[in-house]
Amino acid sequence: MGILALFVFIAITVLINVVLKRDIAEALLLGLLGVALFGGREAPQLLWHGITSAISSEVTFAGMAFVFMGIIVQSTGLIDRLITILNSIFGRLRGGAGYVSTLSSAMMGLIAGSTAGNSATVGSVTIPWMKQTGFSSNRAATLVAGNSGLGVSLPPNSTMFIILAMPAAAASSASQVYVTLACAGAYAVLYRLVVVWYWTKRDNIPKTPRENIVSLNEAWSQGWRSPSIFLGIIIPVLLTIGPLASWLKTSTGVGEAGVKAISIIVWVPILITVIALIECAGRIRRNNAQFRAQLVRDLPSFATVGISLFAALAAASIMEELGVGDQLSNTLDAFDLPKWAMLLVVGVLAVIVATPLSSTATAAAIGAPAVAALTAAGIDPTIAVVAVLLCTATEGASPPVGAPIYLSAAMAEANPTKMFVPLIVYFVVPMILLAWLVGMGFLPVYVPGV
């Protein structure tokens, strides 16, 4: 029933939103109800389980928190002053904001594996910048959501360690997977830079006119306090990853549990909002009426983002209860195909499962049979693990459920449904192809000790 529920959820969402032109939040709510009905007599309990899971999810809160954060940094003018500084450095390069956004996602991917956290932290700064330098709202949001997968396609990440903990991956070590995934992830980053170049050409993104680019000295003198917004990103990252986090775990009363309790995607919007309000307190007092008007104008976006994320997460939780992962695993075990075909089947299957589930849940659901199937087809165990990871990295870009889609759309004031096809064409399908090329050996990667 889990597989059927998955396809029904996608069908209902597409029918209501794309065909009948209803709001995405309404479509996802109806899809949630449709999925719950597969529980039969247990439908009310399943629906309640999905609702409670979604309500307690930090992503639901983070989505609305980022909407509020966006309103604050825009209405106070803080983001405009920061963009002026960035534009004075990169403005002469066509599509410069898109390149910086992509490389920033890659850097975040190297320190944090969360797709939602990646899109939220990077998008909060680069989406407004991209919009001001010629990218449409949909393009900016699509790029950030598509790049969110770099949190999984670059090491280290929890998905990698989940697969490594399985008996099917016993022939590969963590160090081997780390190095090999870094090589394969570099291809993913390079490909995304090519996408930015192509979009820049196709959409005729202009160079910023010279008269609109102030000198770095002038931009810095007017907005030197605006980079303080990055403290809202740096502080949670330092507290959860790296030497400071290790010290807090071992040498203080905070402990490992305390450090794990610090959520990047929850604290980033809170800290940035607080920093913006402090930094711009004087401007708010001088423009109080304008500030209140913008808050009132943007309040409806809270409902759309909150309901969309809630319904998508609740449906994913119900499908997991219905056993979509186990059922797909059993199906995969029954295949007996040559290497090239098995790579395609595993790639498509991993993407399908990663659509309603997170990459970690996908790895837990089909990671073992996927790696075993690829290894049995003659693929090196380390390469097999990497191929599966590359495919599960589509989690954030897979419509209609991926949380980064709605987080990015909210920050860009874009229509999520207009992002669906570009996300599939430019980010989902290419990742399957990349995994296939790596698995077949057509794209060389370094595997230590092999």
**Student:** Where is the tightest heavy-atom contact between Ala384 and Ile379, given as atom of each residue plus distance?
**Tutor:** N-CG2, 3.9 Å
**Student:** Between Val189 and Ser153, is any pair of side-chain heavy atoms under 4.5 Å apart?
**Tutor:** no
**Student:** Is there a side-chain contact between Leu239 and Val259, using heavy atoms and a 4.5 Å cut-off?
**Tutor:** no
**Student:** Strictly by modelled atom types, are Thr115 and Ser148 linked by a side-chain donor-acceptor pair under 3.5 Å?
**Tutor:** no
**Student:** Is any side-chain heavy atom of Leu271 closer than 4.5 Å to one of Leu231?
**Tutor:** no
**Student:** Inspect the surroundings of NZ in Lys249 and state if more than 12 heavy atoms from other residues, nucleotides or ligands are less than 6.0 Å away.
**Tutor:** yes
**Student:** Can you check whether Val385 reaches Leu181 side chain to side chain, under 4.5 Å on heavy atoms?
**Tutor:** no
**Student:** Could you tell me whether the side chain of Phe427 reaches within less than 4.5 Å of the side chain of Arg192, counting heavy atoms only?
**Tutor:** yes
**Student:** Which pair of non-hydrogen atoms, one from Ala188 and one from Leu150, has the smallest distance, and what is that distance?
**Tutor:** CB-CD2, 4.1 Å
**Student:** Quick one: salt bridge (charged side-chain N to carboxylate O under 4.0 Å, His left out) partners of Glu321, sequence neighbours excluded?
**Tutor:** none
**Student:** Check whether any side-chain heavy atom of Thr133 sits under 4.5 Å from a side-chain heavy atom of Ile205, and report yes or no.
**Tutor:** no
**Student:** Within a strict 4.5 Å, meaning less than it, do heavy atoms of the Tyr187 and Leu390 side chains meet?
**Tutor:** no
**Student:** Test: side chain to side chain donor-acceptor pair (under 3.5 Å). Region: residues 425-441. Which pairs qualify, not counting sequence neighbours?
**Tutor:** Arg202-Tyr426
**Student:** Between Arg94 and Pro206, what is the shortest heavy-atom contact and its length?
**Tutor:** CG-C, 4.1 Å
**Student:** Do Asn138 and Ser136 get their side chains close enough for a donor-acceptor pair, meaning under 3.5 Å?
**Tutor:** no
**Student:** State, without any angle test, whether Ser172 and Thr382 hold a side-chain donor-acceptor pair at a distance under 3.5 Å.
**Tutor:** yes
**Student:** Evaluate the side-chain proximity of Leu423 to Ser398: yes if any heavy-atom separation is below 4.5 Å, no if none is.
**Tutor:** no
**Student:** Could you list the donor-acceptor pairs under 3.5 angstrom formed between side-chain atoms of residues 26-42 and any protein atom two or more places apart in sequence or on another chain?
**Tutor:**
from, atom 1, to, atom 2, distance (Å)
Glu26, OE1, Arg22, NE, 3.2
Glu26, OE1, Arg22, NH2, 3.1
Glu26, OE2, Arg22, NE, 3.2

